[in-house]
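See below for the structure under consideration.
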Amino acid sequence: NFPHNFISLVLFIYLGIYSIRLSMIILNSVIRRKNIDFKTIMNRYLLVLIVALATSIILSSIEIFVMPYLLKLISNVL
């Protein structure tokens, strides 16, 4: 259970920091009335979001399918 939670925590912290950074870029462009290439910024954010979602699905699948097998294997050895 430990690696799953640790990796998820790091993943969500990174996603949160990236989201705050994106919000600050958009807010600064609105305040300074500066044009930004919104398509590039959103494509990069979408990529980060898809990677985070895929990683979360993989980690959840490991937690659901692999960990019970490992726990059963360890309990049989002990």
Side-chain angles (χ1 to χ4, degrees):
N1 200 8
F2 169 71
H4 171 262
N5 291 333
F6 180 72
I7 295 171
S8 293
L9 179 66
V10 171
L11 181 71
F12 290 133
I13 288 173
Y14 177 73
L15 190 59
I17 290 171
Y18 198 83
S19 298
I20 291 171
R21 184 174 164 258
L22 175 67
S23 298
M24 294 303 293
I25 289 171
I26 293 172
L27 187 64
N28 282 337
S29 70
V30 168
I31 290 173
R32 296 179 186 192
R33 298 183 190 268
K34 189 171 86 172
N35 290 334
I36 58 172
D37 188 12
F38 196 67
K39 184 177 179 181
T40 305
I41 292 173
M42 286 310 291
N43 284 341
R44 190 178 307 144
Y45 180 69
L46 186 62
L47 177 68
V48 169
L49 191 61
I50 289 172
V51 168
L53 182 64
T55 306
S56 180
I57 289 172
I58 291 169
L59 288 173
S60 296
S61 297
I62 290 172
E63 184 75 20
I64 291 170
F65 297 114
V66 175
M67 290 307 287
Y69 175 74
L70 289 176
L71 287 173
K72 188 175 182 181
L73 185 68
I74 291 172
S75 68
N76 286 337
V77 171
L78 296 177

Checklist entry - Taking only residues at least two apart or on different chains, which pairs with a member in residues 46-58 satisfy side-chain hydrogen bond (donor to acceptor under 3.5 Å, both in side chains)? => result none
Item to check | Closest non-hydrogen atom pair between M42 and L22, with its separation | outcome: SD-CD2, 4.2 Å
Item to check | Cluster companions of I74 among Ile, Leu, Val, Met, Phe, Trp, Tyr (side-chain spacing under 4.5 Å) | outcome: L78
Checklist entry - Is it the case that one hydrophobic cluster holds both I62 and F12, taking links as side-chain heavy atoms less than 4.5 Å apart, direct or via other members? => result no
Checklist entry - Tracing side-chain links under 4.5 Å among I, L, V, M, F, W and Y, which residues wind up in one group with L71? => result none
Next on the checklist: Please enumerate all residues that pass side-chain contact (heavy atoms from CB on, under 4.5 Å) together with I57, with sequence neighbours excluded.
Outcome noted: L53, S61
Item to check | Pairs involving residues 19-30, ordered by first then second residue, that meet side-chain hydrogen bond (donor to acceptor under 3.5 Å, both in side chains) (sequence neighbours left out) | outcome: S19-Y45
Checklist entry - side-chain contact (heavy atoms from CB on, under 4.5 Å) with I20: which residues, sequence neighbours excluded? => result M24
Next on the checklist: Looking at every heavy atom in both P68 and E63, which two are closest together, and how far apart are they?
Outcome noted: CD-O, 3.6 Å
Item to check | CD1-CD1 distance between I36 and I41, expressed to the nearest 0.5 angstrom | outcome: 4.0 Å
Checklist outcome for this item: The remaining residues in the hydrophobic cluster of L73, counting side-chain heavy-atom contacts under 4.5 Å among Ile, Leu, Val, Met, Phe, Trp and Tyr, are none
Next on the checklist: Test of understanding: with side chain to side chain donor-acceptor pair (under 3.5 Å), list the residues that count as partners of N76, not counting sequence neighbours.
Outcome noted: none
Checklist outcome for this item: Shortest non-hydrogen pair, S8 vs L59, comes out as OG-CD1, 3.8 Å
Item to check | Residue list, side-chain contact (heavy atoms from CB on, under 4.5 Å) with L70, at least two apart or on another chain | outcome: V66, M67
Next on the checklist: Would a single hydrophobic cluster contain both F38 and I25, if residues Ile, Leu, Val, Met, Phe, Trp and Tyr are joined by side-chain heavy-atom contacts under 4.5 Å?
Outcome noted: yes
Item to check | Counterpart residues, side-chain contact (heavy atoms from CB on, under 4.5 Å), relative to Y14 (two or more places apart) | outcome: Y18, V48
Next on the checklist: Clusters formed by hydrophobic residues whose side-chain heavy atoms approach within less than 4.5 Å: which one holds F65, and what are its other members?
Outcome noted: I64
